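Quick note on labels: first sequence line is chain A, next is B, and so on, each numbered from 1. Note that the structure is predicted; figures quoted are calculated from it, not measured.
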Amino acid sequence: MLEITRIRNEKEAIIEGLKKRNIDVTSTIDEILNFDSDWRSKKTEMEAIAAELNGLAKEIGDLFKQGKAVEANQAKEKTTDLKTQEAGLKSEVEGLEGQIQNLLYQIPNVPNELVKIGKSELDNETVYEAGTEPKFGFEPFPHWELTKKYDLIDFELGVKITGAGFPVYKGKGAKLQRALINFFLMEASQAGYEEYQVPHMVNEASGIGTGQLPDKEGQMYHSTIDDLYLIPTAEVPLTNIYRDVILPDSNFSIKMTGYTPCFRREAGSYGKDVRGLNRLHQFDKVEIVRIEHPDNSAGALEEMVEHVKGLLTKLGLQFRILRLCGGDTGFASAMTYDFEVYSAAQKKWLEVSSVSRFDTFQSNRLKLRFKGEDKKTQLCHTLNGSALALPRIVAALLENFQTENEIIIPEVLHPFTGFKSIS
RNA sequence: GGAGAGUUGGCAGAGUGGUCGAAUGCGGCGGUCUUGAAAACCGUUGUACCGCGAGGUACCGGGGGUUCGAAUCCCUCACUCUCCGCCA
């Protein structure tokens with residue numbers, strides 16, 4: 001959510017910036033500013049009446065104490081009218097606040113200056129490419145064939161137990177999952193991220209803090225009886241650790257990591273894109289989250305990109321990095337880099353990581369601040385990224401490292417898997 | 001699931017209708033003293049909004065009510081803790 005003060009002061013820059021997302025927020029912003037000036041004058045008026053009432057109340061108290069009951073009762077009568085006025089203004093003020101809030105929720109983050117205008121994924125810029133396409137002397141199998149052939153994942157069993165999109169990993173398939181999680185966590189720890197184990201369900205306040213609520217409610221599984229939500233990503237509980245926190249000085253850099261399963265309802269998906277591991281309702285992911293001083297968030301984003309790059313390089317996968325265009329950048333993000341690995345058998349790129357900076361968009365909702373040099377509180381910047389999401393990594397590993405009768409496991413994983421190949 | 005007790009500033013903990021944004025202690029910050037430190041002493045120390053400013057308003061778990069006036073009384077919701085039950 002953008003800060004109202006920023007909208008007051010930088011109206012034109014915000015409108016210009018958001019054009020990169022192919023949206024024109026001029027009318028929304030004008031509406032907000034109208035409500036806002038109305039709100040300010042009503043509020044000032046209301047507070048003046050409140051001040052008057054406070055003064056009267058004090059007077060009446062004094063009069064009673066002095067035993068001047070008659071005067072006190074006269075003063076009491078004066079309050080009746082003021083109280084009515086105050087109540088009327090209060091409901092107007094609250095109404096305006098609600099309307100402003102609703103409009104603010106509709107405005108996405110302003111893209112960073114590096115982000116190019118664009119409509120869809122077709123306009124994303126490729127900023128880095130590494131690795132080469134694997135060559136096979138045979139027609140490579142897609143991963144959903146390989147998982148069946150080597151008995152690694154049972155999709156039908158998941159359907160029986162839960163439903164589509166909840167695979168059952170078994171044997172070396174399960175061990176490969178565990179190995180990847182351990183490898184990713186180890187790498188994150190070595191890069192200075194503190195490891196956390198967090199709840200997999202969150203309350204409403206947390207959902208609002210990171211922006212899943214109120215708008216994207218339908219994307220999360222909701223346990224209505226307890227009013228708790230299954231997390232769609234570890235970003236939610238990890239970032240909410242710092243909800244309503246004021247850091248004591250401006251000298252901070254908070255780096256957190258955690259593994260969690262992620263639950264996504266993904267309503268409306270269908271077709272070959274959801275085949276096998278491509279899109280699931282439950283999947284595993286190691287997330288990295290950072291809270292930074294505004295001056296340092298640009299550098300932090302680059303570090304995170306380097307970290308993810310390192311993971312994919314160590315795994316030996318062919319990949320590319322895209323800087324998303326305005327239209328494809330997520331609602332809360334100011335700039336996002338997507339990492340895609342090449343799937344040799346499906347002959348397409350699979351998104352395995354998304355690294356974003358949110359600037360103050362999340363911290364404004366989270367009320368996550370720090371005390372600056374001048375002792376004033378300011379909003380922190382937040383960033384996060386997947387490092388990494390498992391399913392498509394598994395798909396790519398299986399497909400790209402298959403031979404005619406086995407699957408070769410990348411060397412960096414050997415200490416974690418305990419085996420070097422699957423056959 | 002049953003019974004009870006709570007929720008006050010960074011923490012601990014007073015406060016049951018006005019002088020309470022809130023005693024006191026601890027912690028933090030600044031200072032005096034000291035070669036330095038500790039101790040002692042003095043001062044200071046929440047957040048947000050409106051206003052150019054003076055200043056004003058709001059906040060004692062959330063919401064609502066009673067009252068001229070609520071941290072304090074009433075209603076309601078949430079959460080926490082203790083005991084019992086159940087349980088990995």
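- Sparse packing is recorded around NZ of A:K90, with 12 or fewer heavy atoms of other residues, nucleotides or ligands lying under 6.0 Å away.
- Taking atom P in both B:rG1 and B:rC77, the straight-line distance is 15 Å, to the nearest Å.
- Ionic pairing of A:E411 and A:K420 is not present here: no N-O contact between side-chain nitrogen and carboxylate oxygen is shorter than 4.0 angstrom.
- The base-pairing partner of B:rU66, taking Watson-Crick or G-U wobble contacts with both distances under 3.5 Å, does not exist among the strands shown.
- OP1 or OP2 of B:rA48 lies within a sub-4.0 Å distance of a side-chain N or O belonging to A:T377.
- Checking B:rA78 for Watson-Crick or G-U wobble geometry (two distances, each under 3.5 Å) identifies B:rU7 as its partner.
- Using Watson-Crick or G-U wobble geometry with both donor-acceptor distances under 3.5 Å, B:rA88 finds no partner in any strand shown.
- Taking a pair to require two hydrogen-bonding distances under 3.5 Å in either a Watson-Crick or a G-U wobble arrangement, B:rA12 pairs with B:rU24.
- Of the C1' atoms belonging to B:rG46 and B:rC20, the separation is 15 Å, rounded to the nearest Å.
- When Watson-Crick and G-U wobble pairs are counted only if both distances are under 3.5 Å, B:rU32 pairs with B:rA40.
- When Watson-Crick and G-U wobble pairs are counted only if both distances are under 3.5 Å, B:rA48 pairs with B:rU57.
- When the side-chain nitrogen and oxygen atoms of A:N54 are compared with OP1 and OP2 of B:rA58, one or more of them lie within a distance under 4.0 Å.
- Taking atom P in both B:rG28 and B:rC11, the straight-line distance is 15 Å, to the nearest Å.
- Rounded to whole Å, the C1' atom of B:rU19 lies 14 Å from the corresponding atom of B:rA23.
- If you take atom P in B:rU34 and the same atom in B:rU57, they sit 47 Å apart, rounded to whole Å.
- Going from the P atom of B:rA39 to that of B:rC26 covers 11 Å, rounded to whole Å.
- The pair A:R8-A:D36 meets the salt-bridge criterion, with a side-chain N (NZ, NE, NH1 or NH2) lying under 4.0 Å from an Asp/Glu carboxylate O.
- The aromatic rings of A:Y221 and A:F263 sit perpendicular to each other, their planes meeting at more than 60°, with 30° as the lower class boundary.
- In terms of phosphate contacts, A:R40 brings a side-chain nitrogen or oxygen within less than 4.0 Å of OP1 or OP2 of B:rG51.
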